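None of these values were measured; they are calculated from a predicted model. Residue numbers begin at 1 in each chain, while the letters A, B, ... track the order of the sequences.
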Amino acid sequence: MSKIKVILLDGSEVELNKDATLYDAALKISQKFAKEAIAGIVNGEKKDLNYTLKNNDRIEILTFTSPEGKEIYYHSTSHIMAQAVKELFPQAKLAIGPAIKDGFYYDFDLDRPFTPEDMVVIEKKMEEIIDRNLPLKRIEVSREEANKLFKERKEDYKLELIRDLQDDMLTLYQQGDYIDLCRGPHIASTGKIKVFKLLSIAGAYWRGNEKNKMLQRIYGISFDKKSELDNYLILIEEAKKRDHRKLGKELELFSMHDEGVGFPFFHPKGMVLRNILEDYWKEEHYKSGYTEVKTPIILNKSLWMKSGHWDHYKENMYFTKIDEEDYAIKPMNCPGGILIYKCTLHSYRDLPLRMGELGLVHRHELSGVLHGLFRVRCFTQDDAHIFMTPEQIKDEIKGVIDLTDRIYKTFGFSYHVELSTKPENAMGSDEIWEMATNSLEEALIDKKINYVVNEGNGAFYGPKIDFHLKDCIGRSWQCGTIQLDFIMPEKFDLFFINKEGDKEKPVMLHRTILGSIERFMGILIENFAGAFPLWLAPVQVKLLPIADRHIKYGKDIIKKLTKYNIRVELDEVNDKIGTKIRKTELEKIPYMLIFGDKELEEDLVSVRKRGKGDLGRIKIAKFVKNVLKEIKDKKLP
RNA sequence: GCCCGCGUAGCUCAGUCGGUAGAGCGCAUCCUUGGUAAGGAUGAGGUCACCGGUUCAAUUCCGGUCGUGGGCUCCA
């Protein structure tokens, strides 16, 4: 019998019998590996395990540990779910059922809604299908055959999908009586799926278009070990515990009311956090050569017509009338900032002009997308507009990158960067786009920052850099953005006087770092799970007297601490010390000072740190000194 | 905006197969004055989201409104 050889990822070669499959290759490496194998990649293409190999093929075996392996595993689980649904509800029509980042979904068109009870039944049926260990067979058919098959099966959505496909030959995957239009690859048989869980039911439009029919989507996830499913469910619980809407209420930071849907109310403790954030922001911006402005919330229609918002952004704007004239509530700060720029004649010597604005903007978001502080209808952008000469672009971008980096690091966030290039509907010439995109790119390269290019995702007026920060449980949030804008200076006829004494058009750079103060607060709440670092904590120190007779001593301590702007509260409730400690731990206050007869005599306090426990007795003055240093250093927990 | 679920005390939730309601936490008062994550007693607090309909009777059933939660291409 003749032999072939294939090349593995690490360059090593494996000798196999002629007509050997990917599975045989895995088996040759080890029994365990073959058992874990999900599918493979042959010469760059994903293939099923029963794919027949040829001499000199470069192969990689995929297991659940790789993202590609997971994707195939999830996708196969979605087919099993669809089969279960079809067996239970033969009248259900199949739409699409892809793998997603965390699991999979399948969309169905069914005459009645799925219920939580249905989920249990579907899960049971899925177990059954997995036990049957049905092979997933790949079938190649012509368009005509595929059409005929899905017509017989009354799968209207599959027929629509086929219509949009270019290929003459299509692939189907079959397991038992279930057949799906699918590119594959898939696991070898249903028995490969070890554990899975259906997570939720939701509505979803056919092809994501709100003009199309609303289908029913079932989400699920699968793993190759039960322990991994358990970990995943724990992570979901952890995220739930950190939900800023829940913590915001419990810690009395903010509230939402029917009287102003999407408009958050900030409570005293929330305002402390907010003011610290804003003060810190102003300080950093001042140090980086920014000035600060504040522009009005309501401005005349004429301004919004000129800026283009009236034509391009009207759907998201609120309007009002003053003295019979039309006004709009600002959805962005730039037109206001531009009016300030235009107030004076600028020399090239004034540039770059960095104008910061914590500007409150209102945008009409669809009611269904509102979500705590993350998606609201009014929010404060930590905006700034930089007016500069084209030559200054690169340096200014580098400056913004530095500032952003410094601010994110202060909160302990890591981040990644995306560069978005010219979109379809862009305004402005190709040259100017190229110049702008190059400036952004060169700045990133100079700064040695890795970035992902997001082709065609720029704003219509210019390319942009986006900053996505990562929180401590691995979720990422788009916050900062740097956008180059050539359109507004044009529309508003902005200019400065150059060295030659001629009028010249400045370039505008629009940027945020935190994004929205409100949203950033939400991110901070979830990242720290409400247990803020000392410098951000609304209450920094809680005073806990052992007995009522020590309250007076507590009042003296308040005076001593507030003198240094340390935020302190005294617990005067008649509880035992254990109870007071418990209450304070739940309020997530960083330090507790406990004092009774033993401390009273010598200006001592007993220090207890949140989550750490008793730190022992210390002089009040020494405690103040330590705390002030921790605040000044903005130490992270 | 659309689909599905939910809306009972300040908070978290139970309950009523239709006869106007209950717990824990919190709050108030009292007893207790206690040394590092829950001492005890008593009490106040609810038009059961809102508006209609069915009914002798609606917090409960039905319809609508508002709010809220999850989701609305990560493409066969």
Side-chain angles (χ1 to χ4, degrees), chain A residues 71 74-75 78-79 94-107 109-110 112-116 118 146 150 155 157-167 170-173 179-184 199-219 240 243 245-246 249-250 252 255-262 315 364-372 544-551 573-587 592-599 606-617:
Chain A
E71 190 191 330
Y74 292 153
H75 192 183
S78 95
H79 276 217
L94 301 170
I96 57 166
I100 53 177
K101 196 170 130 273
D102 286 309
F104 59 87
Y105 65 78
Y106 214 112
D107 287 346
D109 186 0
L110 183 64
R112 71 166 185 81
F114 285 118
T115 63
D118 291 335
F150 287 115
E155 294 290 3
Y157 297 95
K158 296 293 171 189
L159 289 170
E160 195 180 323
L161 291 170
I162 293 170
R163 268 205 300 284
D164 292 348
L165 291 170
Q166 312 296 324
D167 321 56
L170 302 172
T171 54
L172 308 176
Y173 273 82
I179 301 179
D180 204 342
L181 176 70
C182 187
R183 191 192 290 131
L199 298 170
S200 61
I201 318 165
Y205 298 107
W206 168 236
R207 304 196 137 182
N209 186 333
E210 60 183 352
K211 292 195 180 72
N212 290 340
K213 186 165 184 189
M214 176 70 74
L215 307 174
Q216 294 187 69
R217 174 171 297 180
I218 303 179
Y219 284 92
K240 246 186 227 163
D243 192 317
R245 293 167 299 185
K246 182 172 164 281
K249 194 187 281 178
E250 284 173 8
E252 298 174 50
S255 60
M256 294 293 190
H257 300 271
D258 294 0
E259 289 82 355
V261 176
E315 300 299 300
H364 183 76
E365 300 286 351
L366 293 179
S367 62
V369 306
L370 299 175
H371 183 97
L544 308 181
I546 294 289
D548 285 355
R549 64 177 179 282
H550 309 118
I551 288 177
V573 177
N574 179 7
D575 283 322
K576 283 167 97 166
I577 197 66
T579 311
K580 291 179 186 178
I581 288 168
R582 183 182 150 76
K583 269 180 3 195
T584 312
E585 287 282 356
L586 293 174
E587 288 176 88
M592 287 165 244
L593 297 184
I594 298 165
F595 42 89
D597 295 337
K598 293 175 199 164
E599 287 81 5
S606 188
V607 180
R608 189 189 161 99
K609 194 165 181 173
R610 171 187 63 199
K612 297 272 194 301
D614 194 357
L615 299 185
R617 271 196 281 278

Only pairs with both distances under 3.5 Å count, Watson-Crick or wobble alike; so what is the partner of U33(B) in this structure?
none
Heavy atoms under 4.0 Å, any strand shown: does Ile96(A) hit a base, just sugar-phosphate, or nothing?
sugar-phosphate
For Lys580(A) and Pro545(A), indicate whether the former's side chain and the latter's backbone hold a donor-acceptor pair under 3.5 Å.
yes
When rounded to the nearest Å, what value does the distance between P atoms of G22(B) and A9(B) take?
14 Å
Please report, rounded to the nearest Å, how far the P atom of C74(B) is from the CG atom of Asp107(A).
12 Å
Is the shortest side-chain N/O distance from Arg549(A) to OP1 or OP2 of G34(B) below 4.0 Å?
yes
U59(B) versus A21(B) - spacing of their P atoms, nearest Å
11 Å
Picking from G35(B), U36(B), U73(B), the nucleotide nearest the side-chain atoms of Arg617(A) would be G35(B)
Using a heavy-atom cut-off of under 4.0 Å over every strand shown, decide if Asp597(A) touches base, sugar-phosphate, or nothing.
base
Need one value for Leu544(A): base, sugar-phosphate or nothing, where a base atom within 4.0 Å counts as base even if backbone is also close, heavy atoms only.
nothing
Closest to the Ile594(A) side chain: C72(B), G39(B), U36(B)?
U36(B)
Which listed nucleotide (U12(B), U33(B), C72(B)) is nearest to the side chain of Lys249(A)?
U12(B)
Do you know which two heavy atoms are closest between Ala146(A) and Ile162(A), and how far apart they sit?
CB-CD1, 3.8 Å
Of His550(A) and Met214(A), the one whose nearest nucleotide on RNA chain B sits closer to the 5' end is Met214(A)
What does U68(B) pair with, Watson-Crick or G-U, if both distances are under 3.5 Å?
G5(B)
Base, sugar-phosphate, or nothing for Arg207(A), non-hydrogen atoms under 4.0 angstrom?
base
side-chain hydrogen bond (donor to acceptor under 3.5 Å, both in side chains) involving Asp597(A) - partner list, sequence neighbours excluded
Arg549(A), His550(A)
Nearest-Å distance for atom pair CD1/C1', residues Ile577(A) and G39(B)
14 Å
Which base, if any, makes a Watson-Crick or G-U wobble pair with C61(B), both distances under 3.5 Å?
G53(B)
Nucleotide by nucleotide, 5' to 3', does protein get under 4.0 Å of the base (B), only the sugar-phosphate (S), or neither (-) in nucleotides 63-70 of chain B, counting heavy atoms?
----SSSB
Applying the Watson-Crick and G-U wobble criteria at under 3.5 Å, what pairs with U42(B)? Answer none if nothing qualifies.
A28(B)
I'd like the C1' distance from A44(B) over to C3(B), given in whole Å.
44 Å
Please tell me if the side chains of Leu94(A) and Tyr157(A) come closer than 4.5 Å, counting only heavy atoms from C-beta onward.
no
Taking atom P of G26(B) as reference, at what distance in whole Å does atom NZ of Lys583(A) sit?
7 Å
Separation of G71(B) atom P from Leu215(A) atom CG, nearest Å, is 17 Å
Of the listed G35(B), C72(B), C11(B), the closest approach to the Tyr205(A) side chain comes from C72(B)
Taking atom C1' in both C62(B) and G18(B), compute the distance separating them and give it to the nearest angstrom.
13 Å
Which nucleotide wins on minimum distance to the side chain of Arg582(A), given the candidates C2(B), U33(B), A38(B)?
A38(B)
Between G70(B) and G34(B), how far apart are the two P atoms, rounded to whole Å?
48 Å
Check the pair Asp575(A) / Arg582(A) against salt bridge (Lys or Arg N to Asp or Glu O under 4.0 Å), numbers first and verdict last.
CA-CA 11 Å; Asp575(A) 283 322; Arg582(A) 183 182 150 76; over 6 Å; no
Can you tell me the base-pairing partner of C74(B)? Count Watson-Crick or G-U wobble geometry only, both distances below 3.5 Å, and say none if there is no partner.
none
On a whole-Å scale, what distance lies between the C1' atoms belonging to A23(B) and G46(B)?
14 Å
Rounded to whole Å, NE2 of His75(A) lies from P of C75(B) at a distance of 11 Å
Heavy-atom nearest nucleotide on RNA chain B taken for Leu165(A) and for Tyr105(A); more 5' hit belongs to Tyr105(A)
Counting heavy atoms from C-beta on, name the nucleotide in A37(B), U33(B), C74(B) closest to the side chain of Asn574(A).
U33(B)
Whole-Å C1' distance, G39(B) and G35(B)
15 Å
U8(B) to C48(B) separation - C1' atoms, rounded to the nearest Å
4 Å
Would you classify Lys158(A) as touching base, sugar-phosphate or nothing, given that sugar-phosphate means primed atoms plus P, OP1 and OP2, and contacts are heavy atoms under 4.0 Å?
sugar-phosphate
Any idea which heavy atoms bring Ala95(A) and Lys158(A) closest together, and the distance?
O-NZ, 2.8 Å
Please work out if Ile546(A) contacts a base, only the sugar-phosphate, or nothing of the nucleic acid, heavy-atom cut-off 4.0 Å.
base
Return the pairing partner of C48(B) with a 3.5 Å limit on both distances, Watson-Crick or G-U wobble; otherwise return none.
none
Please check this pair: side chain of Ser78(A) against backbone of Phe104(A), looking for a donor-acceptor N/O pair closer than 3.5 Å.
no
To the nearest angstrom, how far is Glu252(A) atom CD from C25(B) atom P?
19 Å
Any donor-acceptor N/O pair, Lys609(A) side chain to Asp614(A) backbone, under 3.5 Å
no
Would you tell me if any nitrogen or oxygen in the side chain of Tyr219(A) comes within less than 4.0 Å of OP1 or OP2 on C72(B)?
yes
Can you tell me how far P of C75(B) sits from CG of Leu94(A), to the nearest Å?
19 Å
Give one of base, sugar-phosphate or nothing for Glu599(A), where a contact means two heavy atoms less than 4.0 Å apart.
base
Out of the candidates Leu199(A), Ile100(A), Ile218(A), only one should pair with Tyr105(A) under the side-chain contact (heavy atoms from CB on, under 4.5 Å) rule; please name it.
Ile100(A)
How close or far is atom C1' of C3(B) from atom CH2 of Trp206(A), stated in whole angstroms?
17 Å
